[in-house]
Amino acid sequence: MKKDLIRRIADDGEASEIEIEELLRCGGDDLKALYAAADRVRHEQVGDEIYLRGIIEFSNYCRKSCDYCGIRGPNRAVTRYRMGIDEIVDIAGEAERLGNTTVVLQSGEDVWFTGDRICEVIRGIKRKTGVAITLSIGERPYDELVRFKAAGCDRYLLRFETSDRELFGRIHPDDDFDVRVQCLHDLKRAGIQVGSGFMIGLPGGTVGTIARDILFATALKLDMIGCGPYLSHPDTPLSQGPLLEDREMYFKTLSILRLLNPRAHIPATTAFDALFEGGRDLVLTRGANVFMPNVTPQKYRALYQLYPNKPCVDEDSGQCSVCVMGRVARLGRTIGTGPGHSGLQKDEK
Ligand code: SAH
Ligand code: SF4
């Protein structure tokens with residue numbers, strides 16, 4: 001039984017790589033104890049509020065060729081779209097009306113959206129709404145990050161994807177692991193709250209890789225940790241990537257992250273719903289405290305498939321917002337009302 005180990009890790013917020021591997025392999029009653037501990041730490045440290053961060057997938061153009069991603073540049077099967085600046089600002093306003101206190105602006109690495117244009121989007125949204133803004137647009141140079149911050153950008157999501165630099169190199173023909181990590185440090189230096197994370201179960205990884213990914217994410221002292229299952233997309237070089245044999249490992253990873261990062265924001269990412277019925281609700285009871293409703297207009301949704309079986313492609317934003325309110329109520333939790341800034345920065349809470 002690993003109950004003592006789980007209790008100790010929950011109390012200390014620390015674990016070794018070997019201990020994390022042990023937890024990743026646990027089952028039965030230990031599994032229940034791990035999920036319960038993660039839920040308790042979440043309740044005690046970040047409370048029962050679930051923050052809504054509406055995600056706007058504003059462009060699926062991408063200059064990069066990440067081996068796992070359905071909208072990678074070379075995928076000719078994708079019909080490309082790009083929203084206009086005013087359109088994005090209007091959608092952010094709609095997202096606010098639907099209860100989102102943050103909008104997450106996500107896209108491929110689209111060169112049309114220069115630093116100036118992104119700043120225009122940020123300023124437009126800040127003029128018309130009170131929402132916090134998270135960018136998720138890939139790697140950008142430090143001087144642009146500084147300008148994004150000056151324009152009103154609050155947070156930035158950039159996953160390191162895997163802490164195994166050899167694996168990172170193999171699946172990122174355009175990227176360098178050190179540059180990715182430097183970009184995360186640059187974000188911090190620019191005064192932007194940083195979110196990062198990894199894909200759980202990338203082909204070529206092992207249980208040990210997941211343990212090291214958990215430790216790497218923890219060492220970065222992130223404001224937000226976003227992780228989700230890796231799901232193979234048929235039109236990519238990694239199309240043969242199988243799912244993890246132990247499906248619970250996806251959830252165990254999130255729970256362990258909560259124990260080691262008690263005050264971080266941890267979203268129930270969309271990919272959990274692609275893999276499990278009610279997957280996001282389950283994650284919210286196993287350590288997560290953030291939900292990211294899709295507020296992309298319905299006509300674009302099917303074109304933004306990073307992975308197959310993406311949920312909610314036939315719904316519109318109104319339907320998604322009704323759905324999320326129901327989910328939160330059924331869990332006995334409440335919707336977060338403030339901007340939900342980083343729990344690491346106490347004065348902002
Ligand atoms: N272009 C930006 C944002 C869009 S991609 C960027 O790369 O940061 C957002 C995230 O989607 C990536 O960080 C990756 O972790 C995830 N993703 C891409 N393809 C995926 C797949 N096949 N399965 C699971 N997650 C995937
Ligand atoms: Fe482009 Fe991001 Fe997909 Fe890589 S993960 S191909 S950068 S959209």
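Counting convention: from 1, in listed order, for ligands and their atoms alike.
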May I ask you to identify the nearest protein heavy atom to [atom], giving residue, atom name and distance to one decimal place in Å?
atom	result
atom 17 (N) of ligand 1	Met199 SD, 3.9 Å
atom 9 (C) of ligand 1	Gln106 NE2, 3.7 Å
atom 24 (C) of ligand 1	Pro229 O, 3.3 Å
atom 5 (S) of ligand 1	Leu306 CD1, 4.1 Å
atom 19 (N) of ligand 1	Tyr68 CD1, 3.4 Å
atom 13 (O) of ligand 1	Glu161 OE2, 2.6 Å

Less than 4.5 Å apart, side chain to side chain, heavy atoms only: is that true for His265 and Arg53?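 Yes, close enough: below the 4.5 Å cut-off.
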Within the protein, is there a heavy atom lying under 4.0 Å from atom 6 (S) of ligand 2?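 Answer yes: something from the protein, a heavy atom, is under 4.0 Å.
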Is there a protein heavy atom less than 4.0 Å away from atom 7 (O) of ligand 1?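 It does not: no protein heavy atom is found less than 4.0 Å away from atom 7 (O) of ligand 1.
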If the threshold is 4.0 Å, N to carboxylate O, is there a salt bridge linking [X] and [Y]?
X	Y	result
Glu49	Arg333	no
Asp223	Arg155	no
Glu315	Arg301	no
Asp39	Arg286	no
Arg63	Asp110	no
Arg8	Asp11	no
Glu94	Arg97	yes
Lys149	Asp154	no
Arg170	Asp67	no
Lys252	Asp246	yes

For [X], the ligand 1 atoms whose distance to one of its heavy atoms is below 4.0 Å:
X	value
Ser136	3 (C)
Tyr304	4 (C)
Leu231	21 (C), 22 (N), 23 (N), 24 (C)
Cys69	19 (N)

With a cut-off of 2.8 Å, which protein N/O/S atoms are close to atom 3 (Fe) of ligand 2, if we only count those under it?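 As for protein N, O or S atoms lying under 2.8 Å from atom 3 (Fe) of ligand 2, they are Cys69 SG.
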For Ala271, state whether at least one heavy atom is located under 4.0 Å from any atom of ligand 1.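 So Ala271 does not count as touching ligand 1.
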Out of Ser107, Cys62, Gly108, Gly228, whose heavy atom is nearest to atom 4 (C) of ligand 1?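 Going through Ser107, Cys62, Gly108, Gly228 one by one, Ser107 has the nearest heavy atom to atom 4 (C) of ligand 1.
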Is the distance between the ring centroids of Tyr230 and Tyr307 under 6.0 Å?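 When the ring centroids of Tyr230 and Tyr307 are compared, they turn out to be at least 6.0 Å apart.
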Do any side-chain atoms of residues 276-283 form donor-acceptor pairs under 3.5 angstrom with protein atoms, and if so which ones, sequence neighbours left out?
{"from": "Arg280", "atom 1": "NE", "to": "Asp273", "atom 2": "OD2", "distance (Å)": "2.9"}
{"from": "Arg280", "atom 1": "NH2", "to": "Asp273", "atom 2": "OD2", "distance (Å)": "3.1"}
{"from": "Asp281", "atom 1": "OD1", "to": "Arg327", "atom 2": "NH1", "distance (Å)": "2.6"}

Check: Arg159 N/O within less than 3.5 Å of ligand 1 N/O: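 Among all N and O atoms of Arg159, at least one is under 3.5 Å from an N or O of ligand 1.
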